[in-house]
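Below: the structure, in structure tokens.
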Amino acid sequence: MTLQETLELHVKAAIKSLFKAELESVEFQATRKEFAGDVTVVVFPMLRVVKGNPVVIGEQVGQYLLDNVDLVKGFNVVKGFLNIEINDSYYIDFFLSIKGNDFYGIVNQKDDNAVMVEYSSPNTNKPLHLGHVRNVLLGYSVAEILKASGKKVYKTQIINDRGIHICKSMLAYQKFGQDEAPTEDLKGDKLVGNYYVKFDQEYKFEISNLMAQGQSEEDAKKNAPLLLEAQQMLLKWEAGDEDVVALWKKMNQWVYDGFDVTYKNIGVDFDTYYYESNTYLLGKEFVAEGLKSGVFEQDADGSVWCDLTEDGLDRKIVLRADGTAVYMTQDIGTAIQRIKDYPDVGGMVYTVGNEQDYHFKVLFLILKKLGFDWAKNLFHLSYGMVDLPSGKMKSREGTVVDADDLIKEMADTAEEISKELGKLEEYSEDEKKELYKTIGLGALKYYILKVDPKKRILFDPKESIDFQGNTGPFIQYTYARIQSILRKANVSNNETMSTVELSLHDKEKQLIKQLELFPEIIQNAAVQHSPALIANYTYDLVKDFNSFYQNVSILGADSDVEKNFRVALSKTVSQTIKKAFKVLGIEVPERM
RNA sequence: GGUCGCAUAGCUCAGCUGGAUAGAGCACCUGCCUUCUAAGCAGGCGGUCCUAGGUUCGAAUCCUAGUGCGAUCACCA
């Protein structure tokens, strides 16, 4: 039973014995630091069942608790707030109960229903950029948080490997590529991306030519020879033309190889992959079925629609007049395919930007209408765009922050700062390199994950990312500091720690209170799909630790009992930092 | 125009199901390295919580209207 649960029973008993009234629930909050006490009971809500002055009621309840509950050692009432002081022994006992537990806060027995988390899901025509980075970090972290909260999780992505945009880079490569192949200096995804840009340049050139010949802009955009060729290519691809398919396979493989390097650098992974080129056909099948069952309707021109006007939405197309698949068709197919492949999956999380809020609203609704019971457990993890001070990132215009470059720059900055501080003499060059990467990535990941997913991020490359204050490196630094203490502590037998004589320092108590919150933070973050909650929790924990560290001597404690206790407390804090950062996908260094 | 999201200190962000005098970091200013790593600690400065109504003992938080910013409403993805 938690402290609050215990106190709740006693407060209810107090109200019953003092006022002969039944309380449905008791409202608690942490006592503000300017008042004495550990837990606060809010008296106001009780006024509904107990008439009287809140201060007087608070006093009476407080006295009752002091007389009847061993845990309570004192109380005070300010306005309608009953501040309760708890015996140190409660906190010491609690700490001893979690001290050796490596899994404290983490739920290991898994739910029967698995969750599939989709993230990344790039187009295969350009390299990953900062926008993808937010997606990848969020998706990976939410997957890890769900795991830690007791869910079985499959990480996946949907690879958008077909369509007109893919044909554009293929066509440009065919025309201008001269058999160029990826090299060590030019990854495959970058190479393909270059031809996507090339297509756009040539296309714009053709448009301006046509307009010079008197065509309207609208017509010119439709009639540009390059676009017509690209459309031809898509038809050939759908017809299975050998040359086109061969080129498609070759270029896509280059991109996949390039992406793999980036994912590995970021430190994320996937359990299974889906390709739109495989799932769009299944989508078509279900469109046909939905047409039979009346979920969809067909227009005179042959196009198929879903009428959502009764649900307050518009009509949505699910199949073009020429019978080819649209985005929605594919997503219907992909969802169904996933459940077929992994029957234990009872729900899915889609990590996709908020520009597609409407799309997912419609998709989930259509899947419900098609009668899938798992459709009620679909969640769109919608996140805000990452914008630059100059505005939106656009691949075709080259105004993007490239993912690989960004990661490298972060490591470089970490290197600069580390060299200035000069604490790493005994490290080998390889170890230093590894550490710079850990710190640089830690800074980047924390910077992005600490923000509520819903909010947009304005990323200023010049101002760059901080390494001080509420940042990844600050938290990593605290972890490293603790490891340093543990190396020096040499506490041989802290299992049989005697704590009878111990009285807690305020900073120690504060740390234990913060540790106590950890399991609930993990659960909460899972429910809300929010790594930001974990990040902010960890920051608070680390702030508390640093304050403890600078105000209380750990290794220089007055007694062995005290020293052992503080070492064990520090160790538990560091393990909690490590677990919290693990679900954020951030590593912690042994020293820095 | 319809729909959805966001708006808190100069900047970047917290603020859980409504609760005490709205909190951090950065920046700026003061102190603290012969003692466990100063990427740190202790403190100062800084707020009409977008506006106006409403609900309530109590509103940054809930409701309504408005303003600003963003997204979306494609036989693009």
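Chain letters run A, B, ... following the sequence lines, proteins first, then strands; residues in each count from 1. Basis for what follows: all heavy atoms, side chains included, without hydrogens, waters or symmetry-related copies.
A sub-4.0 Å separation between OP1 or OP2 of B:A7 and a side-chain N or O of A:K455 is present. Contact annotation: A:S484 does not reach the phosphate of B:C36 (side-chain N/O to OP1 or OP2, under 4.0 Å). Dashed line: the shortest gap from a side-chain N or O of A:S418 to OP1 or OP2 of B:A39 is not under 4.0 Å. The side chain of A:Y358 places no N or O atom within less than 4.0 Å of a non-bridging phosphate oxygen (OP1 or OP2) of B:U72. At the phosphate of B:A77, neither OP1 nor OP2 sits under 4.0 Å from any side-chain N or O atom of A:R162. Residue A:R320 places at least one side-chain N or O under 4.0 Å from the OP1 or OP2 atom of B:A77. For the pair A:K361 and B:U3, the criterion of a side-chain N or O lying under 4.0 Å from OP1 or OP2 is not met.
Taking atom C1' on both B:A9 and B:G58, the two are 25 Å apart, rounded to the nearest angstrom. Between B:U55 and B:A59, the distance separating the two P atoms is 12 Å to the nearest Å. Comparing the P positions of B:U8 and B:A14 gives a spacing of 11 Å, expressed to the nearest Å. Straight-line distance between the P atoms of B:G18 and B:C63: roughly 11 Å, to the nearest whole Å. Between B:G47 and B:G23, the two P atoms lie 14 Å apart (nearest whole Å). Comparing the same atom, C1', in B:C45 and in B:U64 gives a spacing of 39 Å after rounding to whole Å. Between the P atoms of B:U51 and B:C11, the separation comes to 15 Å (whole Å). B:U3 sits 28 Å from B:C49 when the P atoms are compared, rounded to a whole Å.
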Given Watson-Crick or G-U pairs with both distances under 3.5 Å, what dot-bracket string fits RNA chain B, with | for other-strand pairs and [ ] for crossing? (((((((..((((.....[...)))).(((((.......))))).....(((((..]....))))))))))))....
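Along RNA chain B, the nucleotide closest to A:F474 and the one closest to A:G163 are compared, and the more 5′ of them pairs with A:F474. Judged by closest nucleotide on RNA chain B, A:F467 is the one of A:F467 and A:E355 placed further toward the 5' end.
At a threshold of 4.0 angstrom between heavy atoms, the contacts of A:M592 include nucleobase atoms, whether or not backbone atoms are also involved. Nucleic acid contact for A:Y539: sugar-phosphate only, since backbone atoms but no base atoms lie under 4.0 Å from a heavy atom of the residue. Residue contacts shown for A:V552 include a base, since a base heavy atom lies under 4.0 Å away. Nucleic acid contact for A:T471: none, since no nucleic acid atom lies under 4.0 Å from a heavy atom of the residue. Within the 4.0 angstrom heavy-atom criterion, no nucleotide atom of any strand lies near A:D540. Within 4.0 Å of A:E520, counting heavy atoms only, lies no atom of the nucleic acid at all. Counting any heavy atom pair closer than 4.0 Å across all strands shown, A:N123 reaches sugar-phosphate atoms only and no base atom. Residue-level contact check: A:S303 touches the bases, meaning some heavy atom is under 4.0 Å from a base atom. Residue-level contact check: A:I554 touches the bases, meaning some heavy atom is under 4.0 Å from a base atom. No contact: A:L319 has no heavy atom under 4.0 Å from any strand. The residue A:A532 sits apart from the nucleic acid: no heavy atom pair falls under 4.0 Å.
In this pair, A:F44 and A:F81 present their aromatic rings perpendicular. The plane angle is above 60°, beyond the 30 to 60° band.
Listed for the A:S141 side chain is a donor-acceptor partner under 3.5 Å among the backbone atoms of A:V583. In this structure, the side chain of A:T413 engages the main chain of A:E409 through a donor-acceptor pair within 3.5 Å. A:S547 places no side-chain N or O within 3.5 Å of a backbone atom of A:K543 that could act as its donor or acceptor partner. A donor-acceptor pair under 3.5 Å links the side-chain atoms of A:Y203 to the main chain of A:K221, judged by distance alone.
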Apply side-chain hydrogen bond (donor to acceptor under 3.5 Å, both in side chains) to the pair A:T40 and A:N83, showing each step before the final yes or no. CA-CA 4 Å; A:T40 295; A:N83 302 319; 2.7 Å; yes
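The CD atom of A:Q232 sits 11.0 Å away from atom CG of A:L171, with the distance rounded to the nearest 0.5 Å.
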Scan nucleotides 18-23 of chain B nucleotide by nucleotide, 5' to 3', and note B when protein non-hydrogen atoms come under 4.0 Å of the base, S if they reach only the sugar-phosphate, - if neither. -BBS-S
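Applying the 90° cutoff around 0 to the glycosidic angle, B:C16 is assigned anti.
Residue A:K454 has its side chain nearest to B:G5 when only B:A39, B:C73, B:G5 are considered.
Within the 4.5 Å cutoff, the side chain of A:Y537 has heavy atoms near those of the A:L517 side chain. Here the side chains of A:E297 and A:V304 are not in contact, with every heavy-atom distance at 4.5 Å or above.
The side-chain tip of A:R134 does not point at the ring of A:Y383 from less than 6.0 angstrom away and within 45° of straight on.
For the pair A:E587 and A:K578, the salt-bridge criterion is not met [side-chain N within less than 4.0 Å of a carboxylate O].
In this structure, a donor-acceptor pair under 3.5 Å is absent between the side chains of A:T438 and A:Q476.
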